[in-house]
Protein chains: 2
Amino acid sequence: MHRRNTEQRRVLRDIAAAAAGPLSAQEFLDAAQSELPSIGIATVYRNLTRFVEQGELRAVELPGEASRYELADKLHHHHFQCDDCGRVIDVEGCSDAFESLLPESFRIRSHDVLIHGKCPQCP
Amino acid sequence: MHRRNTEQRRVLRDIAAAAAGPLSAQEFLDAAQSELPSIGIATVYRNLTRFVEQGELRAVELPGEASRYELADKLHHHHFQCDDCGRVIDVEGCSDAFESLLPESFRIRSHDVLIHGKCPQCP
DNA sequence: GCAGTACTGATAACCCATTCTCAATTAGAC
DNA sequence: GTCTAATTGAGAATGGGTTATCAGTACTGC
């Protein structure tokens, strides 16, 4: 099972690298089609799944939304989602004092923060 | 359209009031059936939707999970979800210094925090 | 009590993100 | 250039949460 470097994969990787936040399969498709109009949604899903298995990408799940994908080597960060356009943008840094809020009997592994509001591009 | 006080609604309201965190429709169903074995999932969904419309309950969306519902008059808080049993438990308090992480051009409206780990009941 | 209608329970239908199928295409070793 | 299997694109199929349908039930005003 030799891996091949297809144009589709190259385009998808470029999109992930240039993204300002995690993208959905549909967003990957839209972005990819502007460079490779014939690419289909099945290919996008197949490759996103594969990139996750290979450790290149990481899935980001947001409430009530389709899965999004971001580079796996990103440092700890959180996300902002615009109420209007729905775009998700990375937020660097983190003020984590969550541990102190729970009793000792809870063994904390991680935490996710999602900030809502309006992004600079929306009215 | 006169509102009626059915046994089903009374049970669902009791369950919501006694919950340690937001419950899914399935969890409402399971809890309700121990008191009212004939209650069906359609009735649960119908009433949860109705309670939300009436402002009694509020929907809580967690990544990759069915909607959950909690009392609408709860004060600002966050949630903990157990990696093992999946239960969701309220976390009082909040260390919010998120505003400072984003540029001024982002107008922040709210934030959600979800803490992951193991609850006291799980190994 | 009775009537009228809001409500319920069972199940079929729906919605939509994701996966599968399969014939056609193409990267890459030789 | 040839060969072969990995990959692709289109559309069908899937799965799970939620909603719609409809005949039967049971609140509540009188």
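Numbers restart at 1 for each chain; the letters A, B, ... are given by sequence-line order, proteins then strands.
The heavy-atom pair separating B:Arg68 from B:Pro22 by the smallest distance is NH1-O, 3.3 Å.
Taking atom NE2 on B:His2 and atom P on C:dA3, their separation rounds to 18 Å, with Å as the unit. Separating the CG atom of A:Leu48 from the C1' atom of C:dT19 is a distance of 13 Å, rounded to the nearest angstrom. The distance between atom CD of A:Glu7 and atom C1' of D:dG9, rounded to the nearest whole Å, is 16 Å. Atom P of nucleotide D:dA6 and atom CZ of A:Arg50 are separated by 10 Å, given to the nearest angstrom. The distance from atom OH of B:Tyr45 to atom P of C:dT8 is 16 Å, rounded to the nearest whole Å.
Other residues, nucleotides and ligands contribute only 12 or fewer heavy atoms inside 6.0 Å of the CD atom of B:Glu104.
Taking 4.0 angstrom as the limit, A:Arg3 places none of its side-chain polar atoms (N or O) nearer than this to OP1 or OP2 of C:dG28. Contact annotation: B:Ser67 reaches the phosphate of D:dT18 (side-chain N/O to OP1 or OP2, under 4.0 Å). Distances shown here put every side-chain N or O of B:Gln8 at or beyond 4.0 Å from the OP1 or OP2 atom of D:dC27. In this structure, B:Arg9 reaches the C:dT8 phosphate: one of its side-chain N or O atoms is under 4.0 Å from OP1 or OP2. Here A:Asn47 reaches the OP1 or OP2 of D:dT8: one of its side-chain N or O atoms lies under 4.0 Å away. A:Thr43 has no side-chain polar atom (N or O) that falls below the 4.0 Å cut-off from OP1 or OP2 of D:dT7.
Aromatic ring centroids of B:Tyr69 and B:Phe51 lie 6.0 Å or more apart.
For B:Ala66 and B:Arg10, each mapped to the nucleotide of DNA chain D holding its nearest heavy atom, the one lying further toward the 5' end belongs to B:Ala66.
Within residues 20-42 of chain B, the residues that place at least one heavy atom under 4.0 Å from DNA chain C are, in residue-number order, B:Ser38, B:Ile39, B:Gly40, B:Ala42.
A donor-acceptor contact closer than 3.5 angstrom links the side chains of B:Gln54 and B:Arg3.
With hydrogens and angles left out, the side chain of B:Arg46 and the base of D:dT19 share no donor-acceptor pair within 3.5 Å. At a cut-off of 3.5 angstrom, the base of D:dA5 holds at least one donor-acceptor pair with the side chain of A:Arg4.
Looking only at side-chain heavy atoms (C-beta outward), B:Asp84 and B:Pro123 come within less than 4.5 Å of each other.
We find that A:Arg87 and A:Glu27 are not joined by a salt bridge, their nearest charged nitrogen and carboxylate oxygen being 4.0 Å or further apart. Between A:Glu7 and A:Arg10 there is a salt bridge, since a side-chain N of the basic residue sits under 4.0 Å from a carboxylate O of the acidic one.
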